Novice: 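Take a look at this one; I'll ask things after.
Below, all heavy atoms of this structure are taken into account, side chains as well, without hydrogens, waters or symmetry copies. Owing to the predicted nature of the structure, the values given are computational and were not obtained by experimental measurement.
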Amino acid sequence: MAEALLGTKCSSSSSISHLSPNFHLFPTNIKRSQHLIHGSFSPNSRIRCFAASLEGAKTAPAQIKKPKNRYEMVNLTTWLLQQEQAGNIDAELAIVLSSISLACKQIASLLQRSSIVNITGTQGTVNIQGEDQKKLDVISNELFCNCLRSSGRTGIIASEEEDVPVAVEETYSGNYIVVFDPIDGSANIDIALTTGSIFGIYGPDQQCLVDMDDDSTIDQAREKCIVSVCQPGSNLVAAGYCLYSSSVVYTLSVGNGVYAFTLDPAYGEFVLTHEDVKIPKAGRIYSFNEGNYDLWDEKLQSYLDHLKQPGPNGKPYSGRYIGCLVGEIHRMLLYGGIYGNPKNKNSKNGNLRLLYECAPMSYIVEQAGGKATDGNQRILEIMPEQIHQRTPIFIGSPEEIEKLEKYLA
């Protein structure tokens, strides 16, 4: 009825405050009560929406953005609840991600005090890859396993430091499969350089709860069952890493972008500091271990030689190498560029593990708009055939990966 009287559509009451200051809903010389009869407009009133009919008005006045409260913050727990309410994750996955964050806090604390409490140096043991284990490799692995077990939401736990995946006891079993590298770049521990943790989470595939005694051998049936846990990275439902450096940064994706949370030591909480991270389309930083240059094939050598030539600005690319995949990827997400760990004459399959390192990191980078390849195919499409399978990897800004692929073709 009101629209018929007005002859045009007026803005709703919620938007009246944003109209022109010249807007008058009622004639200024007549009291409002004279035009309202039992809550309706009087048929004698002739009301016009001046703001809607002003000639020459091209755009509505800009809305004033509410300033952010300096004390307002979103912590990881709140963010996970928001994701659950939005239907992006379920309650069980929220618990798993929260339990991983707890393990990261404990590891961060140990790293800061490692020299003081004498947990630097090697453990005197060797992992399944034949690498000497640091004391913190063993401790961090135990912390991760304990936090995931106590969550009650994991069925299979697979670690880079374990010979085989661990089937969580049936009474505590959940639905999720978690793969992780508890300490990436552990060679940096003793000299207090950047380290990190990497994890990936899969939904249930062919969940296998097998009893494994310490002295048991893996027969063919068990091996088949364990390998069924290995899934391509495209099946990941979540992945992330925790950076241990001047700040402790917990970065993750649940399939709708990349979000980073920085640990506030005053509160012991991870606080959202980087929302919906997007990797730059190109970058002027490359990260390769050039000590292996003579072991690479000629096509890759030509690509590296190209990067060292002056670009349009008269400067070549900058070479940066931390020796920690987490640190390399974190810098790349913010600044762009390319990281490579290619195969060479001594390592025919590369050095990094597909399941624990390459797939989760590729998932993160792709969620941020980047690319990851082994030189022939997308990392997330590789189907693992072995638990500790290695793969070459090139990962980073999309334009940098496309440039590399032209050299390798």
Novice: Does any N or O in the side chain of Ser109 come within less than 3.5 Å of the main-chain N or O of Lys105, such that one atom is a donor and the other an acceptor?
Specialist: no
Novice: Decide whether Asn188 and Thr194 meet the rule of one side-chain donor and one side-chain acceptor closer than 3.5 Å.
Specialist: no
Novice: Taking the side chain as C-beta and beyond, is there a heavy-atom pair between Phe261 and Val271 under 4.5 Å?
Specialist: no
Novice: Does some side-chain heavy atom of Val166 sit less than 4.5 Å from a side-chain heavy atom of Ile156?
Specialist: no
Novice: What distance do Ile364 atom CD1 and Ile329 atom CD1 have between them, rounded to the nearest 0.5 Å?
Specialist: 10.0 Å
Novice: Going by atom types alone, do Thr78 and Asn75 pair a side-chain donor with an acceptor below 3.5 Å?
Specialist: yes
Novice: Is a side-chain N or O of Asn141 found less than 3.5 angstrom from the main chain of Glu161, in a donor-acceptor match?
Specialist: no
Novice: Assess, by modelled atom type and distance only, whether the side chains of Tyr244 and Ser197 contain a donor and an acceptor separated by less than 3.5 Å.
Specialist: yes
Novice: Kindly check if the number of other-residue, nucleotide or ligand heavy atoms within 6.0 Å of CD (Glu298) is above 12?
Specialist: no
Novice: When you look at Lys278 and Asp276, which way does the salt bridge (Lys or Arg N to Asp or Glu O under 4.0 Å) test go after all the steps?
Specialist: CA-CA 6 Å; Lys278 297 297 182 186; Asp276 197 15; 3.7 Å; yes
Novice: Is there a side-chain contact between Asn349 and Thr391 in this structure, where contact means two heavy atoms from C-beta onward sitting under 4.5 Å apart?
Specialist: no
Novice: Do Asn256 and Gln83 have side-chain N/O donor and acceptor atoms under 3.5 Å apart?
Specialist: yes
Novice: Within a 6.0 Å radius of atom NZ on Lys299, are there more than 12 heavy atoms belonging to other residues, nucleotides or ligands?
Specialist: no
Novice: What's the verdict on salt bridge (Lys or Arg N to Asp or Glu O under 4.0 Å) for Arg353 and Glu160, showing C-alpha distance, side-chain angles and the deciding distance?
Specialist: CA-CA 8 Å; Arg353 265 66 61 171; Glu160 181 183 326; 2.5 Å; yes
Novice: Could you check whether any side-chain heavy atom of Pro232 comes within less than 4.5 Å of a side-chain heavy atom of Ile382, counting everything from C-beta outward?
Specialist: no
Novice: OG of Ser347 to CG of Asn344: how many Å apart, nearest 0.5 Å?
Specialist: 4.5 Å
Novice: Give a yes-or-no answer on whether the side chains of Tyr176 and Asp90 include a donor-acceptor pair shorter than 3.5 Å.
Specialist: yes
Novice: Under the criterion side chain to side chain contact (heavy atoms under 4.5 Å, CB included), I'd like the reasoning laid out for Lys135 against Thr120: C-alpha separation, chi angles, the key distance, then a yes or no.
Specialist: CA-CA 6 Å; Lys135 292 178 183 177; Thr120 56; over 6 Å; no
Novice: Give me the atom names and distance for the closest heavy-atom approach of Met332 to Gly396.
Specialist: SD-CA, 3.0 Å
Novice: Carefully, step by step, assess Arg378 and Glu366 under the rule salt bridge (Lys or Arg N to Asp or Glu O under 4.0 Å).
Specialist: CA-CA 10 Å; Arg378 181 174 168 235; Glu366 286 198 7; 2.9 Å; yes
Novice: Got a salt bridge between Lys134 and Asp190, using NZ or NE/NH1/NH2 to carboxylate O under 4.0 Å?
Specialist: yes
Novice: Give a yes or no on whether the backbone of Ser247 and the side-chain of Ser245 come within a donor-acceptor separation of less than 3.5 Å.
Specialist: no
Novice: Could you tell me whether the side chain of Ser99 and the main chain of Val96 form a donor-acceptor pair under 3.5 Å?
Specialist: yes
Novice: Are any of the side-chain heavy atoms of Glu84 and Leu80 separated by less than 4.5 Å?
Specialist: no
Novice: Could you tell me which non-hydrogen atom of Val248 sits nearest to which non-hydrogen atom of Cys242, and how far apart they are?
Specialist: CG1-SG, 3.6 Å
Novice: Could you point out which residue of Phe270, Trp79, Tyr259 forms a ring-ring contact (aromatic ring centres under 6.0 Å, His included) with Tyr250?
Specialist: Phe270
Novice: Could you give me the CA-CA distance, side-chain angles and deciding distance for Glu405 and Lys371, then say whether salt bridge (Lys or Arg N to Asp or Glu O under 4.0 Å) is met?
Specialist: CA-CA 11 Å; Glu405 289 174 331; Lys371 289 187 174 184; 5.2 Å; no
Novice: If we ignore hydrogens and angles and just use 3.5 Å, is the side chain of Glu92 paired with the main-chain N or O of Arg153 as donor and acceptor?
Specialist: no
Novice: Among Asn351, Asn289, Asn292, find the one that has a side chain to side chain donor-acceptor pair (under 3.5 Å) with Asn341.
Specialist: Asn351
Novice: Verify, without hydrogens or angle tests, whether Glu328 (side chain) and Tyr321 (backbone) share a donor-acceptor contact under 3.5 angstrom.
Specialist: no
Novice: Minimum heavy-atom separation for Ser287 and Arg331, please, with both atom names.
Specialist: CB-NH2, 3.5 Å
Novice: Does either side chain, that of Asn175 or that of Tyr202, offer a donor lying less than 3.5 Å from an acceptor on the other one?
Specialist: no
Novice: Could you tell me if the ring centre of His306 sits under 6.0 Å from that of Tyr407?
Specialist: yes
Novice: What's the shortest heavy-atom distance between Ile395 and Val365, and which atoms?
Specialist: CD1-CG2, 3.5 Å
Novice: Would you please test Leu252 and Leu97 for side chain to side chain contact (heavy atoms under 4.5 Å, CB included) and show each step?
Specialist: CA-CA 9 Å; Leu252 76 155; Leu97 290 167; 3.8 Å; yes
Novice: Could you tell me whether the side chain of Phe180 reaches within less than 4.5 Å of the side chain of Leu355, counting heavy atoms only?
Specialist: no
Novice: Within the side chain of Gln389, is there an N or O that forms a donor-acceptor pair under 3.5 Å with the backbone of Glu385?
Specialist: yes
Novice: Taking the side chain as every heavy atom from C-beta outward, state whether Leu404 and Leu300 have any atom pair closer than 4.5 Å.
Specialist: yes
Novice: Which is it for Leu93 and Ile201 under the side chain to side chain contact (heavy atoms under 4.5 Å, CB included) test, yes or no, and what are the steps along the way?
Specialist: CA-CA 9 Å; Leu93 182 54; Ile201 303 174; 3.9 Å; yes
Novice: Is a side-chain donor or acceptor of Ser318 paired with a backbone partner of Ile285 at a separation under 3.5 angstrom?
Specialist: no
Novice: Just by distance, do the side chain of Ser98 and the backbone of Ala94 share a donor-acceptor pair under 3.5 Å?
Specialist: no
Novice: Please step through side chain to side chain contact (heavy atoms under 4.5 Å, CB included) for the pair Asp184 and Tyr241, ending with a clear verdict.
Specialist: CA-CA 10 Å; Asp184 169 60; Tyr241 63 80; over 6 Å; no
Novice: Which atoms form the tightest heavy-atom contact between Leu136 and Ser114, and what is the distance?
Specialist: CD1-CB, 3.9 Å
Novice: Give a yes or no answer on whether the side chain of Asp181 reaches the backbone of Ile198 with a donor-acceptor pair at less than 3.5 Å.
Specialist: no
Novice: Is the closest side-chain heavy-atom distance between Leu352 and Arg390 below 4.5 Å?
Specialist: no
Novice: Could you tell me if Arg284 sits above the aromatic ring of Tyr317, with its cationic atom closer than 6.0 Å to the ring centre and no more than 45 degrees from the axis?
Specialist: yes
Novice: Checking Lys343 against Phe394: charged group under 6.0 Å from the ring centre and within 45 degrees of the axis?
Specialist: no
Novice: Run the ring-centre check on His388 versus Tyr356 and record whether the distance is less than 6.0 Å.
Specialist: yes
